[in-house]
Amino acid sequence: MLNKRANIVGIIVLSAFFSCSDESTVSEETKQESHLEMQNIGMDLPLNEFVTWVAAKENDLTKTKEISELNYRLSYMPKECLAYIETKNTEYSKELFEEARTHYDGMTYFNLRIELKGGSGELLKYNLNSGQQYNDRITYMSFKMQKDVFLVQDKDTLYPGLFHFERIYEVAPYATVMMAFDNEKFNPEEEFTIVYDDKLFNKGYIKYNYSTKQLIDLPNISGV
Amino acid sequence: MLKKILNVCGIVCLVLLSLFVYHNYFQKKVAYVDIPKVFNAFEMKKELQEKFKKTAIVRKRVVDSLEFDLQLLSRKLQADQKNQALMSEFDMKREYYFKQKNQIEEDNAAMSNQYDKQILERMSQYMVDYGKENNYDLILGADGNGTVMYANEIMNISEDVSKYVNDKYKGVE
């Protein structure tokens with residue numbers, strides 16, 4: 001009886017040691033798994049699932065930077081996703097979808113969302129010093145912010161060819177801008193970093209790194 | 001004999017189990033960071049320091065140019081001390097020079113404060129992230145001012161933190 005107990009205790013101890021030996025090893029494995037997912041370019045997904053896949057945090061095309069009370073989330077938007085958003089309220093047809101997709105040819109699109117953590121109230125009214133500052137912030141996002149966002153590849157710096165502040169006329173704890181970089185001026189298949197020098201809330205440089213082939217190692221879209 | 005060995009094994013296992021439980025549930029994970037070391041190696045600090053230097057140089061050039069003008073005018077005035085028009089021009093330029101100089105000093109100080117704030121805020125955020133991701137209960141900041149009087153070097157995680165903080169800043173992490 002004692003022998004049996006000793007064996008059981010031994011097994012428990014050993015299994016406990018193995019399972020919890022090093023948490024960093026576990027997280028490393030998890031990282032590797034998610035990296036392998038990224039390499040799974042042979043995967044076929046229907047369009048709506050592809051859109052979900054692109055937005056999923058673990059696939060790392062959407063990157064969030066948490067700085068104090070704010071989240072800065074940059075999302076890569078493949079043209080298929082943009083075409084999906086453009087056509088989702090109409091009855092699906094291949095021609096319509098293809099036409100929408102071609103609208104987005106030649107550029108690489110990203111969405112940058114600045115969000116107040118815990119989200120209540122309007123982002124642009126957060127920590128306001130004066131009414132004028134609110135107007136200054138809107139002006140900044142509409143016209144000046146595009147000079148504070150740039151893409152760095154090797155030693156080249158590229159400013160967005162398209163930049164649009166999505167103005168929402170309601171109380172929202174976030175603000176979104178869409179930007180696009182000209183594919184002829186950088187190589188989307190090679191490593192690059194998108195930098196935002198935040199002058200809205202004075203947080204300084206915020207960087208998002210996309211590794212080589214990250215934008216092309218995507219699942220195939222089936223049924224389109 | 002076999003029984004004895006198994007008994008000893010059982011006791012050893014129990015001791016190990018107790019140690020394991022103690023280690024995981026009762027012992028707090030504590031480490032310390034050499035703040036100046038991490039701060040000085042922080043890429044954001046290096047970049048903003050460079051940006052500050054460049055801006056300060058450009059601003060200094062403006063003041064230097066005003067100062068040079070003033071010196072020229074001063075020499076002219078020494079040669080022609082009774083020239084009232086020159087005197088009033090000199091007074092006006094001298095006033096403008098001091099105004100600009102003060103303004104630039106204030107702007108530089110404000111810029112430096114803003115950058116310091118940004119760097120410290122970001123470094124603090126990344127340290128919190130590091131602590132959470134690596135399950136620390138407490139990370140102490142050693143800055144040579146007596147916050148940490150002594151700690152075993154094995155508890156110094158500055159190298160790891162420095163790498164983490166820089167990867168996070170570069171957007172790689």
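Numbered from 1 within each chain, the chains take letters A, B, ... in sequence-line order.
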- prompt: Going by distance alone, is a donor N or O of one side chain under 3.5 Å from an acceptor N or O of the other, for A:Asn111 and A:Ser75?
  reply: no

A:Asn202 versus B:Gln114, side-chain donor and acceptor atoms under 3.5 Å: yes

statement: Bottom line for A:Ile206: the part with an atom under 4.5 Å from chain B's heavy atoms is both

query: Checking heavy atoms, do the side chain of B:Leu48, its backbone, both or neither come under 4.5 Å from chain A?
result: side chain

- prompt: Any idea how B:Phe42 and B:Tyr126 line up, ring-wise: parallel (<30°), tilted (30 to 60°), or perpendicular (>60°)?
  reply: perpendicular

statement: Of all heavy-atom pairs linking B:Lys168 and A:Lys65, the shortest is O-NZ, 3.5 Å

query: Quick one: what part of A:Ser68 sits under 4.5 Å from any heavy atom of chain B, side chain, backbone, both or neither?
result: both

Under 4.5 Å from a heavy atom of chain A, the part of B:Lys4 involved: neither

